[in-house]
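What you see is a predicted model; the values in this text were computed from it and never measured. Chain letters run A, B, ... following the sequence lines, proteins first, then strands; residues in each count from 1.
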Amino acid sequence: MLRMKGTGKMKDYNKIAIIFVAVSLCLSGADGTVEAAETAQFEQPLLITSAGQSAEVQLAAVLAKRATLDYTLSKLATSQELHGNKTLVLSLGASLKGLGAAGLDVAQEKGRVEELLAAARKLEVPVICMHLGGEARRGQLTDDFISTFLPHAKMAIVVKSGNKDGLFSTLCEQNNITLIEVERAVDALQPLGEIFPPEK
Amino acid sequence: MLSRRLFPLLFILCFLGTSCQKETTPTPPSDPHVPYDFTAQHGMVVAAHPLAAEAGLRILKQGGNAVDAAVATALALNAAEPFASGIGGGGFMVIHLAEAKKTTLINFREKAPAKASPEMFLQDGEINNLWRQSHGLAVAVPGALAGWIHALEAYGSKTLEEVIQPAIIIAEDGYHVSTTFSKINKDEYERLLLNAGENNLYLNDGFPFEPGDFFRNPELAAFFRRIASLGIKEFYQGKTAEKIVAAVQAKGGIMTLADLKAYRVQEQAPLTGTYRDFTLYTAQPPSCGGLHILQLLNICEGWPLQEWGHNSAEYIHHLSEAFRFLFADRARYLGDPVYVDIPVTELLNKTYAASIRARIQAGRTADAYPAGEFGMPPEKKGNTSHLCVVDQAGNLVALTQTINSFFGSGIIPDGTGFILNNQMEDFAPDPDSPNAPGPHKRPVSNMAPLLLFLQDKPFLILGSPGGTRIFPSLSQIILNLTEFGMGMDEAIEAPRFFSYSSRGKARNLSLESRIGENIRSILEQWGHVFTIREAYDKYFGGAQGIRLFPSKNLILGGADSRRDGAGAGY
């Protein structure tokens with residue numbers, strides 16, 4: 001059923017920049033690429049939620065499913081839902097349509113995520129931010145969510161085209177966050193598989 | 001080839017002097033937002049995807065008339081822009097026959113199944129929006145194929161088998177996915193997963209398509225071949241009908257084979273009205289878009305628009321307030337005219353327009369936005385795509401069609417490659433609304449394909465997708481052309497705004513971000529609350545237009561860069 005002529009994107013996976021910022025600057029200068037194995041490890045189960053109610057949260061869930069991770073998807077997760085989870089995944093991307101469908105305005109959505117992050121800090125649950133919408137999911141509103149919430153993350157996994165202007169690189173460098181860039185959303189499958197060791 | 005390229009240039013220079021320098025460019029500029037008019041002499045098609053426009057042009061060059069080309073383009077859009085419209089949906093088509101001097105409307109809007117009821121979207125007294133949007137209950141009986149075939153048989157010169165060929169080629173050969181396609185694919189990913197699963201052909205190995213990926217739809221090509229061979233009966237009574245009903249019922253829907261068999265197109269006189277020296281022909285209710293455009297233009301007749309200036313604070317304020325009053329009329333009066341009485345004559349009365357105008361105050365928003373009072377409320381008697389075509393004989397077609405939301409219901413009948421609509425969402429969930437669901441009713445539509453004549457001469461073919469934004473966007477384009485002297489595409493690309501009211505209260509004023517801070521600060525002082533959208537936001541639709549200059553034998557096409565619009569002419 002796949003209707004795609006080969007674009008060679010998967011073959012390019014070895015080009016994917018897996019950047020562990022502090023180390024990368026020493027190891028490889030401008031390119032700053034290191035292997036995923038050197039990056040931080042996270043534990044399951046995961047709670048996946050949105051920060052901005054864009055549709056990419058569903059992509060994050062499908063990626064987690066394909067990586068056979070133990071996850072819960074809750075687009076409007078609250079701090080109570082964090083209990084029992086060992087990693088919080090925030091799908092960054094603002095959508096006025098998604099916010100409208102959820103019955104939220106921007107302030108309410110930010111409040112929800114802030115409350116969730118406060119609980120994550122208290123419970124010492126690490127945060128992974130994902131930005132899977134690429135360049136098309138950038139803009140003033142999404143950038144506001146990125147700037148507000150990315151600094152709370154331990155790791156960021158982003159589709160490369162969404163980082164054309166270096167916003168993620170800059171924020172990750174400033175906040176000592178591991179940045180993993182992938183060409184396409186589907187390519188996030190591999191780093192996800194690597195940062196979550198198999199459950200015993 | 002060289003002479004063909006040079007001819008339009010020489011032609012325009014002869015007739016327009018040096019005032020239209022952009023027509024000298026042989027190909028559209030690389031920045032799609034730069035206004036660019038497609039030019040032609042004999043005929044033109046403008047549609048939401050270049051392959052669809054070329055499909056229509058191919059039929060025109062093969063000797064087909066505007067109706068043949070419009071149907072070919074509509075079919076091609078199912079292949080080239082499958083997320084917005086197609087055989088699983090419906091629409092409206094306004095046709096003008098030059099020789100017969102006849103203008104007619106074909107209403108192929110979807111209909112509710114026989115088991116539909118006003119309370120069908122209530123669950124424990126609460127509105128269930130999932131049922132309205134992403135469920136078998138959301139699917140209305142499609143009318144597109146019946147409409148296309150009716151148009152061909154009544155006014156075309158070619159057969160379905162002939163005009164469907166370009167669509168088959170597009171579906172079979174495929175094309176590279178645009179940024180628009182990819183973004184919409186991502187936005188509607190959840191619905192596709194829910195109703196079509198990870199392995200459906202509108203996903204790329206279970207994930208949304210990225211810009212530049214290659215998309216083919218051989219299932220749709222095979223299905224179109226089947227329809228070409230077996231005809232309309234296959235869709236409404238044959239194996240395809242069985243597949244549609246099975247797919248809808250598997251997702252909890254109520255459509256039956258009898259509903260499909262009972263579907264009928266309506267042909268009727270278009271809704272007509274005037275604005276200054278112009279006469280406008282558009283869709284009748286249950287489409288409300290044309291009605292509200294005429295109401296809005298009636299209101300504007302008493303305002304000094306040129307003095308205020310295009311997109312000035314005064315202009316945006318007054319039009320936004322007018323939109324809010326018109327949305328109140330929409331909620332109170334609009335429904336399927338077969339089942340409710342709609343006071344169309346009263347709503348279009350210029351005295352009524354003056355009464356709305358009198359309620360709109362300079363420098364402040366209104367406290368409330370009540371509907372017009374025309375006696376008692378009506379008694380109950382019981383994401384879209386637009387294309388424009390003109391042919392060498394001067395026949396005109398404005399066709400707007402839809403499957404409602406992008407990717408419709410997300411339900412794909414087995415092996416057909418097309419997406420079923422979620423048009424039942426266009427019914428009001430309130431059981432007391434004149435637009436509540438009911439057996440065989442057509443939901444209120446916002447579509448407004450239109451033809452504008454200036455003193456009996458064809459002036460404009462226009463339409464747009466965009467849901468509730470359709471009539472405000474089309475009104476702005478018409479005013480851009482008639483009041484502010486803009487070119488066709490310039491009028492389409494100009495920054496847009498939108499406002500509405502709900503239950504008598506103002507809702508946010510949405511502005512494209514190109515409308516600057518200086519204007520926003522004034523509007524804010526006058527009481528407006530904003531939602532700032534992207535600079536070119538498809539929220540405001542994706543208009544297609546053809547500006548006609550009969551005395552100069554010139555055709556200019558404008559296609560909206562908010563989506564992937566394009567024109568093709570000769």
Side-chain angles (χ1 to χ4, degrees), chain A residues 1-10 12 50 52-67 73 75 91 93-103 105-106 131-144 159-162 182-189, chain B residues 129-130 133-134 171 174-194 196-220 383 405-406 412 417 467 507-508 510 513 529 531-535 537-539:
Chain A
M1 298 295 281
L2 178 61
R3 310 293 175 206
M4 180 186 165
K5 280 187 179 174
T7 58
K9 298 293 184 188
M10 285 303 290
D12 291 340
S50 176
Q53 297 302 317
S54 73
E56 287 84 53
V57 69
Q58 201 71 45
L59 268 173
V62 171
L63 287 164
K65 186 180 87 174
R66 294 219 184 162
L73 168 63
K75 290 193 281 189
S91 173
S95 158
L96 288 172
K97 184 182 171 188
L99 287 166
D105 60 25
V106 172
H131 184 265
L132 300 171
E135 191 175 13
R137 188 66 75 194
R138 285 288 307 278
Q140 193 178 334
L141 195 54
T142 291
D143 289 3
D144 187 21
V159 169
K160 207 173 192 172
S161 66
V182 293
E183 288 289 341
R184 306 159 58 92
V186 66
D187 298 335
L189 197 54
Chain B
N129 281 319
L130 180 81
Q133 296 162 357
S134 309
Y175 49 90
H176 291 283
V177 164
S178 67
T179 301
T180 304
F181 187 135
S182 172
K183 189 157 190 255
I184 291 169
N185 203 205
K186 287 172 184 166
D187 283 344
E188 306 304 333
Y189 184 51
E190 184 173 2
R191 184 180 299 136
L192 283 168
L193 285 179
L194 180 69
E198 282 182 41
N199 291 321
N200 83 77
L201 59 89
Y202 290 103
L203 295 176
N204 190 354
D205 196 19
F207 290 91
F209 283 88
E210 298 287 350
D213 285 351
F214 207 80
F215 175 78
R216 292 180 63 237
N217 193 343
E219 287 185 13
L220 183 68
N383 248 307
S405 300
F406 286 130
I412 303 168
R507 296 302 173 110
N508 279 15
S510 291
S513 61
V529 179
T531 300
I532 305 301
R533 302 256 168 193
E534 292 173 27
D537 201 317
K538 65 178 183 301
Y539 172 80

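Within residues 95-102 of chain A, the residues that have a heavy atom under 4.5 Å from a heavy atom of chain B are A:Leu96, A:Lys97, listed by number.
Heavy-atom pairs under 4.5 Å with chain A peak, among B:Ser182, B:Pro208, B:Pro211, at B:Pro208.
In this structure B:Glu198 satisfies the salt bridge (charged side-chain N to carboxylate O under 4.0 Å, His left out) test together with A:Lys65, A:Arg66, sequence neighbours excluded.
In this structure, CD on A:Gln58 lies 11.0 Å from CZ on B:Phe207, to the nearest 0.5 angstrom.
Here the closest non-hydrogen pair linking B:Asp187 and A:Ala55 is O-CB, 3.5 Å. What you find for B:Tyr189 and A:Val62 is that their closest heavy atoms are OH-CG2, 3.3 Å.
Both the backbone and the side chain of B:Glu190 have a heavy atom closer than 4.5 Å to some heavy atom of chain A. Both the backbone and the side chain of B:Lys186 come within less than 4.5 Å of a heavy atom of chain A.
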